[in-house]
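What follows is a set of notes on a single structure, which appears directly below.
This structure is a prediction, so every number in the text was calculated from the model and none was measured.
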2 protein chains.
Amino acid sequence: MPKPALLLPVPASPPGRVQRVTKESTRDKVYTSLRNAILSGRLRCGERVKEIPLAEELGVSRAILREAMQQLVHEGLLEFNSYRGARVIELRPEQIDEIVEARILLESRAVRLATERIHNAQREELNAFEKQLQREKDPLRAGQSDFRLHQRIWQISGHATIEKLLIQLTSPLFAMSLLMRSKETRDHHASSPLPRGTHKRLIEAICQGTPNDATNELEAHLTENWTAIRRRVAEFIAREEAEKL
Amino acid sequence: MPKPALLLPVPASPPGRVQRVTKESTRDKVYTSLRNAILSGRLRCGERVKEIPLAEELGVSRAILREAMQQLVHEGLLEFNSYRGARVIELRPEQIDEIVEARILLESRAVRLATERIHNAQREELNAFEKQLQREKDPLRAGQSDFRLHQRIWQISGHATIEKLLIQLTSPLFAMSLLMRSKETRDHHASSPLPRGTHKRLIEAICQGTPNDATNELEAHLTENWTAIRRRVAEFIAREEAEKL
DNA sequence: AATTGTCTTATTGTCGACAATATTACGAAT
DNA sequence: ATTCGTAATATTGTCGACAATAAGACAATT
């Protein structure tokens, strides 16, 4: 009897719930697993999430699964329709624009703060992250490393509020980028990797304490990356519409 | 037998859940009631929220109440500690600073967009809101009108993502301002009303299509208002600390 | 054959009860 | 009197079952 197949190690750390020393609750474990399943592409965008099979697979009751799902709804990764079940979020191009715009606003400030507050140990850590990201072959793992790198910058900024908002904004974006990657693979397109050069310049600017350079690099990086993804999303939607007719 | 005393009309509309035509679920009703209870001061900041009595008062099961509470945790109005219950959020002065800073970042953009996109009917509506706010005697109702006015501006901006984030950021702030007001009343201080002149200038700038003026007014308004509240929060915390010793 | 109404079934919404844990009260030892 | 350990209690964490609803199958009617 195959037990929890979704219960796997966590790639990207969950948002800043300041848990006490008490042991992790079942709900939090379920939440982490489910979030992980979406952010690793095992649950794809637009996919229906049925409660009973999922609860059985995870070995928990539906009540606790629903609480975890509720959290994911607020994190922007799931969508509920009453009596019609939950689906993994699927963003329209205009929503991607909105999210990226908000993200640039908030992350610019985070990067500026990080530039001011970073310590030497953290400088080394960021550079190590970046080198690891450069070496990463697998596009999925590269995407996750990218997410982690940004999250680390947000942490260094020391602005917990902005950090929380950025996690919320970025999670659905990341899920969509995974979806695009998988659809490209299916349709025999070239899997386009992240632009990695901009990372290097961003990190250098943060470490060297030049906040204006850092925010400029950030904005260029985000705009470049996500206009590309936005275009592909729009193309796929257009193709799907065409197939319907 | 006194039934749902917390089930009362909604002062501030809940965040943008795009409900289908289906009837409102019990969970959503509970969520609205609870949110309303916090945002009207019936449940005060720092107050413990026990599940069993509350579920009985609302006439629902604990499971559904917990789902609604989960939503409020993500909206920043409740705090969970495992096996130690939920409390209404209580912000430290530094958190107020963080939230206000993030709010200024996002709301500036919202105001700028609103300035560009506003229609004539909405201009009249905003002015009517503002006049109503001027006339409002009761500080609690004035605060709620203020919240509604800002929310209306966010809606006019047409940026759903920023609107959602702003609701999330502002809700705990509003709850704290209510707490301050009630504590002031208890301690026989003068209940300090919102600075209303800045509202007028903000709305005028939005209606006249001068985005720079509008964002300047907004920043001044928010900074002025919340540094005052922040100071009072700090004073109360200091007083409480002193009483302990 | 197409359409519409009914019935079945799959899935979600809600509930009450039991298990696990923290808090409190209380008594014994120092 | 104080402190520490232990039991009682209150509260939360988790579960399985029943009710309400939507989606799909199927037959009767035109």
note: B:Arg27, atom CZ; C:dT12, atom C1'; distance rounded to Å ~ 11 Å
Return the value, rounded to whole Å, for the distance between atom CD of B:Glu51 and atom C1' of C:dG16. 14 Å
Between C1' of C:dT12 and CD of A:Glu56, the distance in whole Å: 15 Å
Who are the side chain to side chain donor-acceptor pair (under 3.5 Å) partners of A:Glu67, not counting sequence neighbours? A:Arg27, B:Arg66
Rounded to the nearest angstrom, tell me the gap between atom OH in B:Tyr83 and atom C1' in D:dT9. 16 Å
Nearest listed nucleotide, side chain of B:Phe80, among C:dT14, D:dG13, D:dA20: D:dG13
When rounded to the nearest 0.5 Å, the distance separating CD1 of B:Ile229 from CG of B:Leu178 is 9.0 Å
Please compare A:Arg62 and A:Thr26 by the position of their nearest nucleotide in DNA chain D and report the one closer to 5'. A:Thr26
Report which part of the nucleic acid A:Ile64 touches: base, sugar-phosphate, or nothing (heavy-atom distance under 4.0 Å, all strands). sugar-phosphate
Quick note, A:Ser82 side chain, CB onward, closest among C:dG13, C:dT14, D:dT11 is C:dG13
Contact under 4.0 Å: A:Arg84 side-chain N or O vs D:dT21 OP1/OP2: no
Distance, rounded to the nearest Å, where A:Leu65 contributes CG and C:dG13 contributes C1': 14 Å
Hey, what do you get for OH (B:Tyr31) to CD (B:Glu75), rounding to the nearest 0.5 Å? 3.5 Å
Between C:dG13 (P) and A:Met69 (CE): distance, integer Å: 9 Å
Closest listed nucleotide, where the reference is the side chain of A:Val60 and the choices are D:dC15, C:dC15, C:dT14: D:dC15
Side chain of A:Ile52: nearest nucleotide among D:dC15, C:dT12, D:dT14? C:dT12
Decide whether A:Ser33 and A:Asn36 meet the rule of one side-chain donor and one side-chain acceptor closer than 3.5 Å. no
Of the listed D:dT11, C:dC15, C:dT14, the closest approach to the B:Lys50 side chain comes from D:dT11
Using whole Å, what does the distance between atom C1' of nucleotide D:dT12 and atom CD of A:Glu67 come to? 11 Å
Taking only residues two or more places apart in sequence or in another chain, which ones pass side chain to side chain donor-acceptor pair (under 3.5 Å) with A:Glu101? B:Arg109, B:His159
Between C1' of D:dA20 and CG of A:Asn81, the distance in whole Å: 17 Å
Of the nucleotides C:dT11, D:dT14, C:dT14, which has the atom closest to the A:Arg66 side chain? C:dT14
OP1, OP2 of D:dT12 versus side-chain N and O of B:Arg48: anything below 4.0 Å? yes
